[in-house]
Amino acid sequence: MLVNAKYILEKAKQENYAIAHFNINNLEWTKFILEECEACKQPVILGVSEGAIRYMGGYHVVSDMVKALDKDLNITIPVVLHLDHGSSFDSCKKAALAGFTSVMIDASSYSLEENIAITKRVVEMAKIYNVTVEAEVGSVGGQEDGVANELAYAKVEDCITFVQKTGIDFLAPALGSVHGLYKGEPKLDFTRMQEIKEKTNLPLVLHGGTGIPDNMIMKSISCGICKVNINTELQIAFSHAVREGLKKDDSVYDPRKIMKMGEESIKNKIKEKLILLSNRKEHN
Ligand code: 13P
């Protein structure tokens, strides 16, 4: 069932666990993620970047594909279809009109005032469609250097002002995580995370989930993180398995067989993350 992220993230906040946000890239990934989350009986947030949306053909393709898989695979867990790092009001509106249930507006490269103004407009629009809104304060680093810029960490006062003025549903404060692989250990600011949680009382989001050690993920959850975004780690698990499979048998050419080579590996990684984030030892 497609839902917005409000209820599942509020529940996660109250019960001290986190929901997995996995990025999708094509039909096979979406199917593998839905099947594994259903098997583990865990809600999931399917994150789709603008690049992935362009790759798959457009907002409607993605939305209709997710809804059709949800139906034909008889998925019973709550599924959120979420625009990841929406770069403008227009992209968030396109997502909402196409049937996405949640959006992230990422205006973090603008000044705080501009970020607030753009995000506020998105929140007003999103309300009409019952779509939840995530936004970023500070700036999560990129793949280039694998180290977060300390000047880009979110400030507590900025987060409080931002939340009060925009009315967002959940907040991604940049606190030392980066997208892609890290150089050395991530330097997450847990003290600030805890303070932002207490002062905003919103579910917090941890971007750049790949490569953060399990103990830091657990600590983040205890400091208010309710949504953990994971992309690169699934890409690595998938491509490694496909590469190995093709090396073993270079006579394969059926694309279905090639995609299937990555299935077990990606599903194992999803299960591992769900167990970690849901704060439980084992699933039945
Ligand atoms: P990783 O690719 O580092 O897992 O980050 C994913 C992410 O934050 C998507 O928004």
Side-chain angles (χ1 to χ4, degrees), residues 5 9 18-26 29-30 32-33 37 44-56 62 80-88 91-92 95 100-109 119 132-149 152-154 168-188 193 203-214 216-217 220-221 225-240 262 265-266 268-274 276-277:
L9 287 180
I19 307 284
H21 156 134
F22 295 121
N23 285 76
I24 58 170
N25 294 289
N26 55 25
W29 279 52
T30 313
F32 298 155
I33 294 169
C37 293
V44 67
I45 299 175
L46 300 175
V48 207
S49 67
E50 290 174 359
I53 290 169
R54 277 194 299 276
Y55 173 80
M56 286 185 266
V62 175
V80 177
L81 177 57
H82 178 77
L83 173 66
D84 192 22
H85 292 282
S87 61
S88 64
S91 48
C92 292
F100 281 55
T101 55
S102 186
V103 294
M104 174 191 189
I105 172 69
D106 181 358
S108 62
S109 59
T119 303
T132 40
V133 180
E134 170 185 343
E136 181 170 317
V137 173
S139 186
V140 175
Q143 201 132 18
E144 320 77 49
D145 44 15
V147 185
N149 171 0
Y153 281 40
I168 54 165
D169 300 288
F170 39 112
L171 173 71
L175 291 170
S177 61
V178 299
H179 293 119
L181 300 172
Y182 290 85
K183 267 200 195 124
E185 276 231 321
K187 293 194 180 66
L188 301 184
M193 203 180 276
L204 303 182
V205 181
L206 182 62
H207 279 253
T210 295
I212 301 182
D214 289 0
M216 286 195 181
I217 297 271
S220 302
I221 295 173
I225 293 295
C226 300
K227 172 178 182 274
V228 178
N229 290 15
I230 300 161
N231 184 24
T232 309
E233 218 166 326
L234 294 195
Q235 293 184 339
I236 291 172
F238 181 81
S239 54
H240 181 76
S265 175
I266 202 172
N268 285 343
K269 187 53 80 179
I270 291 165
K271 183 171 180 182
E272 181 190 310
K273 295 295 170 189
L274 292 177
L276 176 71
L277 300 188

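Indexing begins at 1, ligand by ligand and atom by atom, following the structure's order. Please read these numbers as outputs of a predicted model, since none were measured by experiment.
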*asked:* Taking non-hydrogen atoms within less than 4.0 Å of ligand 1, which protein residues qualify?
replied: Asn23, Asp84, His85, Val178, His179, Gly180, His207, Gly208, Gly209, Thr210, Asn229, Ile230, Asn231, Thr232
*Would you mind reporting whether Ile19 and Leu277 have side-chain heavy atoms less than 4.5 Å apart?*
no
*Hey, does Ile236 have a side-chain heavy atom less than 4.5 Å from the side chain of Leu181?*
yes
*For Ala95, which residues count as a side-chain contact (heavy atoms from CB on, under 4.5 Å) partner, sequence neighbours excluded?*
Tyr59, Leu83, Phe100, Val103
*Would you indicate whether the side-chain heavy atoms of Phe22 and Leu274 approach each other to under 4.5 Å?*
yes
*If you round to the nearest 0.5 Å, how far is CD1 of Ile225 from CE of Met193?*
4.5 Å
*Cut-off 3.5 Å, side chains only: do Glu134 and His21 have a donor facing an acceptor?*
no
